[in-house]
Amino acid sequence: MKKFWAILILVVSLLNYIRCQNQNTNSNTYAVCFSNNTLVETLSNGLKRVSELNYGDMVKTVDTETGKVDYSKFIDYLHYDKSIKAEYITIRTDNAYLEISELHLIKRNADQQFVYARDLKLDDEIFVVVNDQMTIEKITKLDRKQETGAFAPLTESGTILVNNVLASCYANCQSHTLSHIAFGPLRWWHQ
């Protein structure tokens, strides 16, 4: 019986993920990731470029239930391409700067939901960690730029702090929860 439920969950998860992927096929942005300028903090090795993570690294994130800074195991890359040229949205707050693809999910304060980066506007508030405390900061500048490289790390929690900004590990599907369910089998397999 356990096998039946595991297979059913896997099939439903994959079908939901494929449905989400097909919703955004008209996007002119191929990469759904972070640029190589993105930094993450690991428990044992401090700051690293997102492209330099090692399997099993404990990466800083925020527990979305409690709002406390925490660590989650890096298990794989959903996208890893050092040579691709991609357009990124640049987001500035008082204490953060991030380059993120337009279809990557980032948590917005107004509705407490993960939204596409392209849906953020000036003065929207996002979650930024300063001195290991989660704060809410207004976006002061939005722009676009071309960069080389695209990286999408997957953690067990499905969230990650990138340049101290709380983001989802997922893109191309407007539901962080649905994406987290869809990638459940991959997370379980790595455990």
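When a residue number appears, it is its place in the shown sequence, counting from 1. Side chains are part of it too, since the values below use all heavy atoms of this structure and drop only hydrogens, waters and symmetry mates.
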Practice task
Report yes or no: do Tyr55 and Met58 belong to one cluster of Ile/Leu/Val/Met/Phe/Trp/Tyr joined by side chain heavy-atom distances under 4.5 Å?
Solution key: no

Practice task
Check the pair Lys48 / Thr42 against side-chain hydrogen bond (donor to acceptor under 3.5 Å, both in side chains), numbers first and verdict last.
Solution key: CA-CA 7 Å; Lys48 284 185 164 184; Thr42 63; 5.2 Å; no

Problem - Validation row: Thr140, Asp94 side chains within 4.5 angstrom (heavy atoms) - result: yes

Exercise for the section: Have a look at Lys60 and tell me which of Thr155, Asp132, Asn164 forms a side-chain hydrogen bond (donor to acceptor under 3.5 Å, both in side chains) with it. Expected result: Asp132

Exercise for the section: Check the hydrophobic clustering (I, L, V, M, F, W, Y; side-chain heavy atoms under 4.5 Å; chains of links allowed) and say if Ile136 and Leu122 are grouped together. Expected result: no

Exercise for the section: Decide yes or no for Val128 and Leu166: does some side-chain heavy atom of the first lie under 4.5 Å from some side-chain heavy atom of the second? Expected result: no

Fill in the blank from the handout: For Ser101 and Ala117, the nearest pair of non-hydrogen atoms, with its separation, is O-CB, 3.5 Å

Problem - Sidechain-backbone polar pair: Arg108 side chain, Ile126 backbone, donor-acceptor under 3.5 Å - result: no

Practice task
Indicate yes or no: at least one non-hydrogen side-chain atom of Thr64 is less than 4.5 angstrom from one of Lys107.
Solution key: yes

Problem - Nearest non-hydrogen partners of Tyr88 and Ser35, listed with the distance - result: CE2-N, 3.5 Å

Handout entry: Check: Tyr97 main-chain N/O paired with Asn163 side-chain donor or acceptor under 3.5 Å
Key = yes

Exercise for the section: List the steps and the verdict of salt bridge (charged side-chain N to carboxylate O under 4.0 Å, His left out) for Lys138 and Glu125. Expected result: CA-CA 4 Å; Lys138 281 188 181 183; Glu125 295 173 327; 5.3 Å; no

Problem - Common cluster, Leu161/Tyr71, ILVMFWY with side-chain heavy-atom separation under 4.5 Å - result: no

Problem - Donor-acceptor side-chain pairing of Asn37 and Glu147 below 3.5 angstrom - result: yes

Problem - Co-membership, hydrophobic cluster, residues Val69 and Leu47, 4.5 Å side-chain - result: no

Handout entry: Distance-only donor-acceptor check, side chains Thr90 and Lys145, under 3.5 Å
Key = no

Practice task
Tell me, with the steps shown, if Ile89 and Arg118 meet side chain to side chain contact (heavy atoms under 4.5 Å, CB included).
Solution key: CA-CA 7 Å; Ile89 294 173; Arg118 71 178 179 196; 4.0 Å; yes

Exercise for the section: Working to the nearest 0.5 Å, report the span between CZ of Phe151 and CZ of Phe34. Expected result: 12.0 Å

Fill in the blank from the handout: Rounded to the nearest 0.5 angstrom, the CD-CG distance for Glu102 and Asn172 is 9.5 Å

Problem - Ile160 side chain reached by Val40 side chain, heavy atoms, under 4.5 Å - result: yes

Practice task
Test side chain to side chain contact (heavy atoms under 4.5 Å, CB included) on Leu105 and Val115 and set out the steps.
Solution key: CA-CA 5 Å; Leu105 296 172; Val115 298; 5.6 Å; no

Problem - Spatial distance of atom CD (Gln133) from atom CG (Asn131) [nearest 0.5 Å] - result: 8.0 Å

Exercise for the section: Answer with yes or no whether the side chains of Glu137 and Thr93 bring together a donor and an acceptor at under 3.5 Å. Expected result: yes

Completion exercise
Tightest non-hydrogen contact, residues Met134 and Val62, listed as SD-CG1, 3.5 Å

Practice task
For residues Leu154 and Tyr77, determine if any side-chain heavy atom of one lies less than 4.5 Å from a side-chain heavy atom of the other.
Solution key: no

Exercise for the section: Specify the closest pair of heavy atoms between Ser168 and His176, including all atoms of both residues, with the distance to one decimal. Expected result: OG-ND1, 2.7 Å

Exercise for the section: Flag the pair Asp70 / Lys68 as yes when at least one side-chain heavy-atom distance between them is below 4.5 Å, and no otherwise. Expected result: no

Practice task
Please answer: with hydrophobic residues joined when any side-chain heavy atoms are less than 4.5 Å apart, are Leu43 and Val162 in the same cluster?
Solution key: no

Exercise for the section: Say whether, by atom type as modelled, one donor and one acceptor occur between the side chain of Asp81 and the main chain of Ile84 under 3.5 angstrom. Expected result: yes

Exercise for the section: With rounding to the nearest 0.5 Å, note down the distance linking CG in Leu53 to NZ in Lys73. Expected result: 13.5 Å

Fill in the blank from the handout: Value for OG (Ser157) from CG (Asp63), rounded to nearest 0.5 Å, stands at 8.0 Å

Problem - Ser72 side, atom OG; Asp57 side, atom CG - distance, nearest 0.5 Å - result: 11.5 Å

Practice task
Determine whether the side chains of Thr159 and Thr61 contain a donor N or O and an acceptor N or O closer than 3.5 Å.
Solution key: yes

Exercise for the section: Kindly indicate whether the side chain of Val50, heavy atoms from C-beta on, has any atom under 4.5 Å from the side chain of Leu39. Expected result: no

Practice task
Indicate yes or no: at least one non-hydrogen side-chain atom of Ile106 is less than 4.5 angstrom from one of Leu98.
Solution key: yes

